[in-house]
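Written below as structure tokens is the structure these notes are about.
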Protein chains: 2
Amino acid sequence: MNAQKVTIADVAKRAGVSKGLVSFALNDRPGVSPETRSRILAVAGDLGWKPSLRARSLSTRRSFALGLVVARNPEVLGSDPFFPSFIAGVESILSNRGQALVLSVVPSEEAEFRSYRQLVDDGRVDGVFLTDLRHDDPRIPLLTELGVPAVTLGRPDGPSPFPAVSIDDTPGIAESVAYLAQLGHRRIAHIAGSSTMLHGSRRREAFDAALRAAGLPAGQTIETDFSVAAGSDATRRLLGQEDAPTAIVYANDPMAIAGLGVAHELGIRVPDELSITGFDDIDFSRYVYPPLTTVSATPVVWGRAAATTLLALIETGTAADVDLPAARLIIRGSAAAPAHTRKSAT
Amino acid sequence: MNAQKVTIADVAKRAGVSKGLVSFALNDRPGVSPETRSRILAVAGDLGWKPSLRARSLSTRRSFALGLVVARNPEVLGSDPFFPSFIAGVESILSNRGQALVLSVVPSEEAEFRSYRQLVDDGRVDGVFLTDLRHDDPRIPLLTELGVPAVTLGRPDGPSPFPAVSIDDTPGIAESVAYLAQLGHRRIAHIAGSSTMLHGSRRREAFDAALRAAGLPAGQTIETDFSVAAGSDATRRLLGQEDAPTAIVYANDPMAIAGLGVAHELGIRVPDELSITGFDDIDFSRYVYPPLTTVSATPVVWGRAAATTLLALIETGTAADVDLPAARLIIRGSAAAPAHTRKSAT
DNA sequence: TAGGTTAGCTAAACCGGTTCAGACGACTCA
DNA sequence: TGAGTCGTCTGAACCGGTTTAGCTAACCTA
């Protein structure tokens with residue numbers, strides 16, 4: 001029946017007013033008498049008029065969409081639980097606000113640059129999320145140059161014109177180390193994420209600091225790319241040594257789960273002979289055996305906060321930094337007193 | 001310097017031709033002399049002109065974007081490795097074609113409907129992917145009504161006007177069962193996915209058929225929602241029985257990994273006392289212990305094929321069904337001959 | 001009662017492309 | 001030589017909104 005879409009001109013004609021006035025009425029602008037306004041809105045409702053997003057985009061130079069660029073190896077991406085949850089959080093805000101999310105998944109840093117540029121040049125998005133912050137992140141000057149509103153996930157180490165939405169992951173690592181130390185561990189190692197990533201190096205620093213705070217000697221650290229495969233390799237190296245650590249603090253859950261696998265394979269019992277802690281509290285961590293003692297991250301909450309902040313920035317021109325509650329340690333079954341302590345205790 | 005963006009009018013003036021001709025030249029339309037065409041393109045290059053996507057969208061009624069709606073509980077979403085990889089595959093095609101992906105993550109089926117409708121009504125996308133096919137999928141009539149080009153992931157059980165891009169997962173399940181039967185298992189159970197999902201019930205049917213083919217009695221099946229938690233519960237139920245199965249075929253890897261955890265917890269050794277097979281070959285499955293014998297799915301390939309097909313459909317108006325290579329069994333360490341067979345063999 | 005505000009509204013320009021009818025000259029052919 | 005055809009190009013309409021300049025009538029003030 002409604003073969004052709006109804007436009008603003010149809011509404012205007014039917015309501016006996018000009019196009020402009022319909023636009024004013026729709027956007028709650030002053031200069032329309034209450035009676036006329038309600039008549040226009042009634043007609044619009046009758047006719048089932050929905051303003052064309054495309055036309056509106058053209059004249060307002062807005063796209064009513066936000067952009068997220070994910071630079072990640074496709075294989076690794078699947079085991080990274082952060083993005084799906086983060087996106088779910090973002091969407092929960094956007095869907096009520098008539099906004100859409102444009103997602104770009106790219107394999108390399110170079111492609112990431114191109115992708116941001118394209119998204120902005122094409123006017124696909126009104127703002128972007130900046131995730132996986134790196135040291136002196138080159139994307140910050142890029143986005144500044146592009147003149148696009150953005151929100152960083154976490155606080156960059158250099159100057160940044162963008163609001164930051166952060167979760168402090170230091171306390172989580174600190175609690176993990178303190179917990180292990182208190183259980184009696186003295187040789188605690190860290191399987192860290194990439195040091196080019198801010199959260200990778202920050203967790204590592206938190207680890208070092210926590211060891212000092214516990215009065216323990218510096219621990220061994222192996223840097224990885226956060227991948228399951230790297231977590232497995234690093235664990236194997238660690239456990240193959242003379243003075244193998246009695247506890248390992250992993251920078252994320254996927255690597256910790258890989259570590260669990262390596263320990264099983266080597267016949268090292270967890271937690272009796274080796275204690276393990278993770279970071280993220282992914283869905284799996286509760287269901288592996290033993291269930292993973294880990295730090296709860298809240299990517300859904302993070303997504304919601306980041307989306308809210310970015311929309312505020314776009315609409316008002318400014319937005320304040322947001323600090324989300326720090327991630328906390330969740331004690332489950334993968335850590336216990338080390339073997340020698342056990343023995344002496346029995 | 002280039003404060004204001006350069007438009008088609010600037011190019012036209014500078015090249016000494018009309019706007020229309022510039023448009024023709026840009027779009028490789030006939031009616032432009034070779035010399036003029038190259039002059040126009042040269043000027044466009046000089047000026048750094050990029051046609052405005054928004055203006056083009058308005059006049060062509062195209063958005064140069066594809067839509068993906070994911071209906072999934074946020075918590076479950078993180079452990080589902082399908083979507084990130086699928087999306088990576090889709091993007092690998094889109095990025096070269098100047099197309100974007102609009103992603104919508106919703107919590108419920110109802111919201112899913114609204115989301116499709118909104119995406120299409122707003123003209124955000126030129127076509128959509130239809131994933132997680134259900135029986136008599138109500139989204140097919142919806143999309144038909146909306147008149148939007150679509151591609152289904154897998155072949156629907158009812159009539160569908162849309163091309164299907166499918167991977168047959170029957171052989172994978174059949175091979176799993178045959179492999180277990182050949183190892184000597186006779187009590188094989190299946191932890192199935194949701195029967196409302198086409199791939200859930202199809203894998204289940206494949207399981208039943210394979211048992212018959214192997215001359216084995218019907219096996220026990222527990223239906224789940226594909227989640228890690230449900231996989232864990234179902235395994236616990238199965239192993240708590242009198243005549244517990246000696247082998248379990250899981251409908252996906254996350255549940256299989258959860259099953260591994262339950263077995264460990266109950267002190268049941270895998271694969272000596274219990275054999276396990278999964279489905280998907282997610283990143284984790286290689287790194288748990290024992291490494292998971294599973295069926296390799298190829299979501300990245302699926303994403304590429306689906307994107308290619310959808311773009312072809314949008315551009316030409318038709319596209320043929322695509323059948324991707326069937327998923328095959330990957331033998332690793334989580335299945336072996338059952339305990340009693342072992343004994344008698346020794 | 002003239003002059004100045006103001007609220008309410010219209011007409012037209014504008015965003016930046018695409019598309020179509022038709023003008024124009026060159027070329028072909030009868 | 002005149003009509004028809006073709007290739008090349010122009011001008012204007014169009015997509016469907018937003019925005020601005022300016023008109024009109026009513027009301028206020030001196």
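A, B, ... follow the sequence lines: proteins, then strands. Residue 1 opens every chain. Since the structure is predicted, the reported quantities are computational estimates derived from the model, not experimental observations.
Using a 4.0 Å heavy-atom criterion, one finds that S23(A) contacts the bases of the nucleic acid, with or without backbone contacts as well. Using a 4.0 Å heavy-atom distance criterion, R61(A) is classed as a sugar-phosphate-only contact.
Put simply, W49(B) has no side-chain N or O that comes within less than 4.0 Å of OP1 or OP2 on dG16(C). Within the structure, every side-chain polar atom (N or O) of R62(A) is placed at least 4.0 Å from both OP1 and OP2 of dT18(D).
The neighbour count for R37(A) CZ, taken as heavy atoms of other residues, nucleotides or ligands under 6.0 Å away, is above 12.
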Residues 39-52 of chain B side chain polar contacts: donor-acceptor under 3.5 Å, at least two apart:
from, atom 1, to, atom 2, distance (Å)
R39(B), NH1, A15(B), O, 2.3
S52(B), OG, R54(B), N, 3.3
S52(B), OG, A55(B), N, 3.0

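S38(B) contributes a side-chain N or O that, together with a main-chain N or O of E35(B), makes up a donor-acceptor pair within less than 3.5 Å. Proximity of a side-chain donor or acceptor of W302(B) to a complementary backbone N or O of V165(B) within less than 3.5 Å is detected. A side-chain donor-acceptor contact under 3.5 Å links T152(A) to the backbone of G154(A).
For D122(B), the side-chain hydrogen bond (donor to acceptor under 3.5 Å, both in side chains) partners are Q118(B), not counting sequence neighbours. With sequence neighbours left out, the ring pair (Phe, Tyr, Trp, His ring centres under 6.0 Å) criterion links Y116(B) to no other residue.
Five base pairs at each end of the helix from dG4(C)-dC27(D) to dA30(C)-dT1(D) define two local axes, and these are offset by 60° (rounded to 10°).
Here dT10(C) presents its C1' atom at 13 Å from CD1 of I8(A), a figure rounded to the nearest Å.
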Please list, pair by pair, any protein nitrogen or oxygen found under 3.5 Å from a nitrogen or oxygen in nucleotides 8-12 of chain D.
from, atom 1, to, atom 2, distance (Å)
dC9(D), OP1, T36(B), OG1, 2.6
dC9(D), OP2, S33(B), N, 3.1
dC9(D), OP2, S33(B), OG, 3.4
dC9(D), OP2, T36(B), OG1, 3.1
dT10(D), OP2, S18(B), N, 2.8
dT10(D), OP2, S18(B), OG, 3.3

What's touching nucleotides 22-27 of chain C from the protein side, N or O pairs under 3.5 Å?
none

